[in-house]
Amino acid sequence: DAKTTQPNSMESNEEEPVHLPCNHSTISGTDYIHWYRQLPSQGPEYVIHGLTSNVNNRMASLAIAEDRKSSTLILHRATLRDAAVYYCILRPSGNTPLVFGKGTRLSVIA
Amino acid sequence: DVKVTQSSRYLVKRTGEKVFLECVQDMDHENMFWYRQDPGLGLRLIYFSYDVKMKEKGDIPEGYSVSREKKERFSLILESASTNQTSMYLCASSYPPGDEQYFGPGTRLTVT
């Protein structure tokens with residue numbers, strides 16, 4: 001499985017943008033980049049995914065580098081409820097399961 | 001809203017007992033998954049299923065089996081529970097190709 005590298009932890013102030021980085025230098029051409037997050041005492045939840053182009057949805061934006069060796073999840077305005085572990089996952093095309101890494105623990109300070 | 005439910009939030013069992021963890025989803029998803037989550041090890045895939053009566057081994061299937069007799073239900077079975085199976089167990093489901101997986105709330109299993 002292609003590997004991802006994320007910082008163990010990050011901190012952000014409330015109401016400021018947050019940029020969560022992910023390196024995936026061994027990504028293959030057909031790997032999709034997925035982001036999930038896990039709030040305290042809950043199961044993970046889907047945030048966003050993309051292949052080559054930047055993606056936006058109601059939760060976040062995903063910026064993908066032109067060479068696809070890295071990506072950034074952008075939370076435009078962090079709230080206390082965004083404190084969670086954020087997982088960056090590479091998933092090959094086709095019906096394949098997700099393989100989770102350690103993720104980044106995001107703390108949001110009021 | 002998609003709902004994935006797990007039979008118990010907390011479960012305490014004794015070593016050697018047979019344990020059943022049940023997962024039900026209400027969105028007619030073909031894919032279902034079982035993970036366990038441990039501190040420092042993250043989420044690890046135990047088994048998954050792409051259809052009724054089908055099953056595939058994940059990364060850590062030893063000591064576990066699964067059953068999928070109906071599309072909406074995926075059961076994880078610990079044939080003879082051991083203390084090293086004390087963990088948080090998470091079930092998930094998705095449509096193929098699995099772009100969005102929906103997770104249940106988890107079952108925290110303690111084996112004493």
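Chain A is the first sequence line, chain B the second, and so forth, proteins listed ahead of strands; every chain is numbered from 1.
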(request) Measure distances from Pro105(B) to the heavy atoms of chain A and classify the residue's part below 4.5 Å as side chain, backbone, both or neither. (result) backbone
(request) Group every Ile, Leu, Val, Met, Phe, Trp and Tyr by side-chain heavy-atom contacts under 4.5 Å, then state whether Ile89(A) and Tyr86(A) land in the same group. (result) no
(message) Please rank Asp99(B), Leu90(B), Leu43(B) by heavy-atom pairs under 4.5 Å with chain A and give me the top one.
(response) Asp99(B)
(message) A side-chain contact here means heavy atoms from C-beta on lying under 4.5 Å apart; do Glu100(B) and His34(A) qualify?
(response) no
(message) Is it the case that the side chain of Lys102(A) and the backbone of Gly40(B) share a donor-acceptor pair, with hydrogens and angles ignored and the cut-off at 3.5 Å?
(response) yes
(request) Identify the residues of residues 13-23 of chain B whose heavy atoms come closer than 4.5 Å to a heavy atom of chain A, ordered by number, or report 'none'. (result) none
(request) State yes or no: do Leu20(A) and Tyr87(A) share one hydrophobic cluster built from I, L, V, M, F, W and Y residues joined by side-chain heavy-atom distances below 4.5 Å, directly or via other members? (result) no
(message) To check you understand the geometry: which heavy-atom pair defines the closest contact between Gln101(B) and Tyr36(A), and what is its length?
(response) N-OH, 2.6 Å
(message) With clusters defined by side-chain heavy atoms of hydrophobic residues (ILVMFWY) lying less than 4.5 Å apart, directly or transitively, does Met59(A) cluster with Val55(A)?
(response) yes
(message) Hydrophobic clusters here meaning ILVMFWY residues chained together by side-chain heavy-atom distances under 4.5 Å, can you tell me if Leu41(B) and Val111(B) are in one?
(response) no
(request) Verify whether the ring centers belonging to Tyr46(A) and Phe103(B) lie closer than 6.0 Å. (result) no
(message) Given heavy-atom pairs under 4.5 angstrom as the criterion, report whether the side chain, backbone, both or neither of Arg9(B) touches chain A.
(response) side chain
(request) Give the intermediate values and the outcome of side-chain contact (heavy atoms from CB on, under 4.5 Å) for residues Tyr35(B) and Leu98(A). (result) CA-CA 10 Å; Tyr35(B) 295 83; Leu98(A) 296 171; 3.7 Å; yes
(message) Check for me, please, whether Tyr102(B) and Phe74(B) land in the same ILVMFWY cluster - side-chain distances under 4.5 Å, paths through other members count.
(response) no
(request) Give a yes or no on this: more than 12 heavy atoms of other residues, nucleotides or ligands lie within 6.0 Å of atom CG of Asp67(A). (result) yes
(message) With a strict 4.5 Å heavy-atom criterion, list every residue of residues 44-57 of chain B that contacts chain A, or say none.
(response) Leu45(B), Phe48(B), Tyr50(B)
